[in-house]
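This report refers to the structure that appears directly beneath it.
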Amino acid sequence: MNFDFTQKMMVWNHTENNRSMPWKGEKDPYKIWLSEIILQQTRVEQGLAYYNKFIETFPTVKKLANAPEEKVFKLWEGLGYYSRCKNLIASAKIIDSVYKGRFPDTYENILALKGIGPYTAAAIASFAFNLPYAVVDGNVLRVLSRYFGISTPIDSTTGKKLYNQLADSLLDKENPGVYNQAIMDFGAVVCKPQNPLCGACPQKQECRAFQQAWVNDLPVKEKVLKKKTRYMYYFAISVNGKTFVKKREAKDIWQNLHEFVLHEHDEPIDWTKKNLKEAVKSFIDKPFQLQEISTIVKQQLTHQLIIGQIIKITVQTPIDIPGYDLLPDKEIKKLAFPKFINTLMQQEAVLF
DNA sequence: AACACGGGGGA
DNA sequence: TCCCCAGTGTT
């Protein structure tokens, strides 16, 4: 153990760390687990309201395991990375049935649950059971790469191995939970990505990046994500006050969320009466009335830019669209939709 | 090893 | 815009 680094981290935690979060110091593994899943790739400020909603609605793992799945997705709506929600439900059911509602208490069994990787398993194991596993998240990677002046990319295979070993060697094995919490808080509050508080940092004398003025160049990432643009036009097709919707099942964005009738194109579409008629004809071969067409909405995802509109039409004759369900508004309100579609539905209609 | 997976906030 | 956030699962 690098005694100096670890001890100073613990001293900082004891004397200066005043970061407060509802799940901090929590011992109920269910609550710890929930907070960790919500916070994967998610800012504390963004996840906080969701955590409170979930705990209020599902105070125990049993409640979560036995809830209607759509209700859980509706609660997750807007948070993103929806496979987290799917895996949360799956793991809740396993804990409820296989483990009789008692959260598994070994690292291996925790890690085996769906949606739990090395980081989350170490977090739960150390926070709930005080087991000696070091967390390695974005905060830890940043702190270690700066303190030790490591330029090995954090997203490379060798980098991951290196940082994992280093994190393990630094862990305070007497107080793994407290130490793990401390180093993450330190990364979030002092050794921040932008404008870190090096002046107030208790470790600055030993920090390689500070000594060498590398702070703004570390950590290093090697992978650059490629982005693509998609044009998604949604048709809200209504018959007698009911509208066609379906659940997205494909291995694509927004899996398990719902959508209206989708017309996706590889180029932007400038809607005219003619091409609108053609587009609708590909779904239904019946006369229709155009109600309204929205303004163009853009949504930037991590590696996709989604551009599109929603077009509301009504049909008088009874019809069926294969793959879609015809549901009343009351039912549709209970379904979880992507942010993009919710934004579309809030748009003012433009004249056509 | 590379890639897919959301949404929000700060610079 | 770009980057990052208490990362994980799939191919």
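Note that these values count all heavy atoms, side chains included, but never hydrogens, waters or copies made by symmetry. Since this is a predicted model, take the numbers as computed values, not measurements. Chain naming here is simple, since letters A, B, ... match the order of the sequence lines and numbering starts at 1 in each.
Taking atom P on both B/dG6 and C/dT10, the two are 14 Å apart, rounded to the nearest angstrom. Nucleotides B/dA11 and C/dA6 are separated by 15 Å at their P atoms, to the nearest Å.
Distance check: A/Phe337 CZ to A/Tyr234 OH gives 9.5 Å after rounding to the nearest 0.5 Å. Annotation: the span from A/Thr120 atom OG1 to A/Leu113 atom CG amounts to 10.5 Å, rounded to 0.5 Å. Taken from CD1 in A/Ile94 to CD1 in A/Ile89, the straight-line distance is 12.5 Å, to the nearest 0.5 Å. The CD1 atom of A/Ile110 sits 7.0 Å away from atom CG of A/Asp105, with the distance rounded to the nearest 0.5 Å.
B/dA4 atom P lies 8 Å from atom CD of A/Gln304, rounded to whole Å. B/dC5 atom P lies 15 Å from atom CD of A/Glu249, rounded to whole Å. Between A/Leu113 atom CG and C/dT8 atom C1' there is a gap of 13 Å when expressed in whole angstrom units. The separation between A/Ile306 atom CD1 and B/dG7 atom P is 9 Å, rounded to whole Å.
Closest-nucleotide positions on DNA chain B for A/Asn195 and A/Lys228 were compared, and the one nearer the 5' end corresponds to A/Lys228. Between A/Asp137 and A/Lys251, the one whose closest nucleotide on DNA chain C sits nearer the 5' end is A/Asp137. Along DNA chain B, the nucleotide closest to A/Thr158 and the one closest to A/Phe337 are compared, and the more 5′ of them pairs with A/Thr158.
In this structure, the ring of A/Tyr231 has its center no less than 6.0 angstrom from the ring center of A/Trp271.
Of the candidates C/dC4, C/dC2, B/dG6, the closest approach to any side-chain atom of A/Pro193 belongs to C/dC4. In this structure, of C/dA6, B/dA2, B/dG7, it is C/dA6 that holds the atom nearest to the side chain of A/Asp185. Side-chain proximity of A/Arg84 to the nucleotides C/dA6, B/dG6, C/dC4 is greatest for B/dG6. In the set C/dA6, B/dG8, B/dC5, B/dG8 carries the atom at the smallest distance from any side-chain atom of A/Gln46. Candidate nucleotides B/dC5, C/dT8, B/dG7 were compared by shortest atom distance to the side chain of A/Thr120, and C/dT8 ranks first. Side-chain proximity of A/Leu301 to B/dC5, B/dG7, C/dG7: nearest is B/dG7.
Within the nucleic acid shown, A/Arg142 comes within 4.0 Å of sugar-phosphate atoms alone, with no base atom in reach, counting heavy atoms only. As judged by a 4.0 angstrom heavy-atom cut-off over every strand, A/Gly78 is placed among residues touching the sugar-phosphate backbone only. Across all strands, A/Phe340 comes closer than 4.0 Å to no nucleic acid atom at all (heavy-atom distances). No engagement by A/Ser156 is indicated, since no non-hydrogen atom pair under 4.0 Å with the nucleic acid exists.
Of the N and O atoms on the side chains of A/Ser156 and A/Glu222, not one donor lies less than 3.5 Å from an acceptor on the other residue. Between the side chains of A/Gln304 and A/Arg230, at least one donor N or O lies within less than 3.5 Å of an accepting N or O. Judged by distance alone, the side chains of A/Glu36 and A/Tyr119 do bring a donor and an acceptor atom under 3.5 Å apart.
Residues from residues 23-41 of chain A with heavy atoms under 4.0 angstrom of DNA chain C, sorted by number: A/Trp23, A/Glu36, A/Leu39, A/Gln40, A/Gln41.
A stacked arrangement is assigned to A/Tyr81 and the six-membered base ring of B/dG6, with a centre-to-centre distance below 5.5 Å and an interplanar angle below 30°.
OP1 or OP2 of B/dG7 sits under 4.0 Å from a side-chain N or O of A/Gln299. For C/dT8, neither phosphate oxygen OP1 nor OP2 lies less than 4.0 angstrom from any side-chain nitrogen or oxygen of A/Asn87. A close approach under 4.0 Å does not occur between any side-chain nitrogen or oxygen of A/His303 and OP1 or OP2 of B/dC3. The phosphate of B/dG7 has neither OP1 nor OP2 within less than 4.0 Å of any side-chain N or O from A/Thr42.
More than 12 heavy atoms of other shown residues, nucleotides or ligands fall within 6.0 angstrom of atom NZ in A/Lys74.
Base pairing analysis places B/dG6 opposite nothing; no Watson-Crick or G-U wobble pair with both distances below 3.5 Å involves it.
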